[in-house]
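Scroll down for the structure; my scribbles are underneath it.
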2 protein chains.
Amino acid sequence: MTQARAETRIQRKNKELILEAALEVFSTYGFRGSTLDQIAAQAGLSKPNLLYYFPSKEAVHKELLDGLLDTWLDPLRAIDPEGDPTQEILGYMQRKLEMSRAYPRESRLFANEILQGAPRILDALKGELKDLVDAKSQVIKSWADRGLIADVHPQHLLFSIWSLTQHYADFEVQVEAVLGDEGPFDHAQEFLDHLYTRLLKR
Amino acid sequence: MTQARAETRIQRKNKELILEAALEVFSTYGFRGSTLDQIAAQAGLSKPNLLYYFPSKEAVHKELLDGLLDTWLDPLRAIDPEGDPTQEILGYMQRKLEMSRAYPRESRLFANEILQGAPRILDALKGELKDLVDAKSQVIKSWADRGLIADVHPQHLLFSIWSLTQHYADFEVQVEAVLGDEGPFDHAQEFLDHLYTRLLKR
DNA sequence: CGTAGCTTTGACCAAGCGGTAAAAAATGGA
DNA sequence: TCCATTTTTTACCGCTTGGTCAAAGCTACG
């Protein structure tokens, strides 16, 4: 039997340092465009030292993605079938927008992975994600059927929330180039509130 | 005086071949994640042969992006200040959606570039793109001021059209994973028509 | 047919890549 | 303080990268 030793302070600190650095680099350059030297430098470690904590570049990336998907889906899980339909959907959109504001790098890491064909996460998309979306789509459909909101295609409604909110993180450079660098999130919230209020009104 | 020689048939054919291959590769892996060997193989040429037609990897990428931005903005340019406001905006959205359907690789090439901080295209975003957006925003604002459409933030309206339409190209893998691979564009068109009709109605 | 100019190839290079091995250094508990 | 364990570093490996070069092969035109 191999006895799993407890994690050292140093281990915990350095693993955290590495994941933070890797998030910074992977979210900017994608998996293939990032190098271990870059990540190690960003973390203030040497490359062999980094590889002492993770067995490979792939392993670092995987650990980031695995941790991410769960957090990313939390706002969707929180939609309450018993709540007020319009408020539930608006609330979901607002939570997603807040995540784009607070965690733009995580959003871009995810976007990079999907853009490149989701090679390391496709199974989770077809499984975990699809199951959750199917369940919540049912909820939305039943709201529409009961006349509590307008009749909208549930999946495409969810797509719209994803794309509209994540756009402000993923395309941040473009948004700022066009707006001339005023913080766009306040107006975004206002615009999206207005949009979904109108879309869902019976 | 350097006399610019006319372009050979072979030159035209091979440059086209290379750009087509480069679009395929760059749009999937981003600039840093793509290799000249990959592109050359995709084009059916050897790497030195490719470098006979383009001076560097950078040059191939730049030529793709330069050609793209223009085409990409055409639908926005086509918005007619004299037309029916709702129809003009709906028409713009439909043209953009059609571009996502017909040219998903171009959309992903662009998305990759922006995601990575737009290092090779930022000037065009702050210049050409911003100028055009400013002009069209004025048009939209005047429509709203005259009460021809609902009062919406023009720039965020344009952002919404970009993100909602490009989502179906950029996140194609995810959309198909969730929907189970039925062609999503028909329902998308229906959903977006509905959304913008409601949003703009006075 | 000959040849000048265009095109393709194969051999090569220096730098960068992900990753390894082993020894040196630091740490911490008895 | 000692020493077993953990952590870091140095030196290195084989492979891939973007790019060069000179020679060979091909085309078109007089």
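All chains are named by letter (A, B, ...) in the order of the sequence lines, taking the proteins before the strands, and each is independently numbered beginning at 1.
Residues L129(B) and V133(B) form a side-chain contact, since some pair of their non-hydrogen atoms from C-beta on lies under 4.5 Å apart.
Remark on the helix from dC1(C)-dG30(D) to dA30(C)-dT1(D): inter-end axis angle 10°, axes from five-pair C1' superpositions, rounded to 10°.
Distance, L17(A) CG to dT8(D) C1': 14 Å, rounded to whole Å. What separates CD1 of I39(B) from P of dT16(D) is a distance of 18 Å, to the nearest Å. Distance D37(B) CG to dG18(D) C1': 9 Å, rounded to the nearest Å. Following rounding to the nearest Å, Y29(A) (OH) and dG16(C) (P) show an atom-to-atom distance of 15 Å. For the pair K62(A) NZ and dG18(C) P, the interatomic distance rounds to 20 Å; values are reported in whole Å. Remark: C1' of dT5(D) and CD of E7(A) are 16 Å apart, rounded to the nearest angstrom. Per the geometry, CG belonging to L36(A) stands 6 Å off C1' belonging to dG18(C), to the nearest Å. R32(A) places its CZ atom 12 Å from the P atom of dT16(D), with the value rounded to the nearest Å.
Contact annotation: Q11(B) reaches the phosphate of dT7(C) (side-chain N/O to OP1 or OP2, under 4.0 Å). Contact annotation: Y52(A) reaches the phosphate of dT7(D) (side-chain N/O to OP1 or OP2, under 4.0 Å). Distances shorter than 4.0 Å separate some side-chain N or O of N14(B) from OP1 or OP2 on dT8(C). The side chain of Y53(A) places no N or O atom within less than 4.0 Å of a non-bridging phosphate oxygen (OP1 or OP2) of dT6(D).
Atom CG of L199(B) sits about 10.5 Å away from atom OH of Y196(A), to the nearest 0.5 Å. We find the CG-CG distance between L36(A) and L45(A) to be 12.0 Å, quoted to the nearest 0.5 Å. Taken to the nearest 0.5 Å, the CE atom of M99(A) stands 9.5 Å off from the OG1 atom of T165(A). Atom CD in Q155(B) sits 5.5 Å away from atom CG in L179(A) (nearest 0.5 Å).
Among the protein residues, F54(B) comes within range of no part of the nucleic acid, since none of its heavy atoms lies under 4.0 Å from any strand. Using a 4.0 Å heavy-atom distance criterion, R9(A) is classed as a sugar-phosphate-only contact.
Residue I10(B) places its side chain closer to dT8(C) than to any other of dT8(C), dT17(D), dG19(D).
Other residues, nucleotides and ligands place no more than 12 heavy atoms under 6.0 Å from the NZ atom of K141(B). Residue F185(A) qualifies as enclosed at atom CZ: its count of foreign heavy atoms under 6.0 Å is above 12. In D123(B), the CG atom is not crowded: 12 or fewer heavy atoms of neighbouring residues, nucleotides or ligands sit closer than 6.0 Å.
Checked by atom type, the side-chain pair R146(A)/S142(A) shows a donor-acceptor distance below 3.5 Å.
Of the residues in residues 43-51 of chain A, those placing a heavy atom less than 4.0 Å from an atom of DNA chain D are S46(A), P48(A), N49(A), in numerical order.
Considering only residues two or more places apart in sequence or on other chains, H187(B) meets the side-chain contact (heavy atoms from CB on, under 4.5 Å) condition with H153(A), H156(A), E182(B), E190(B).
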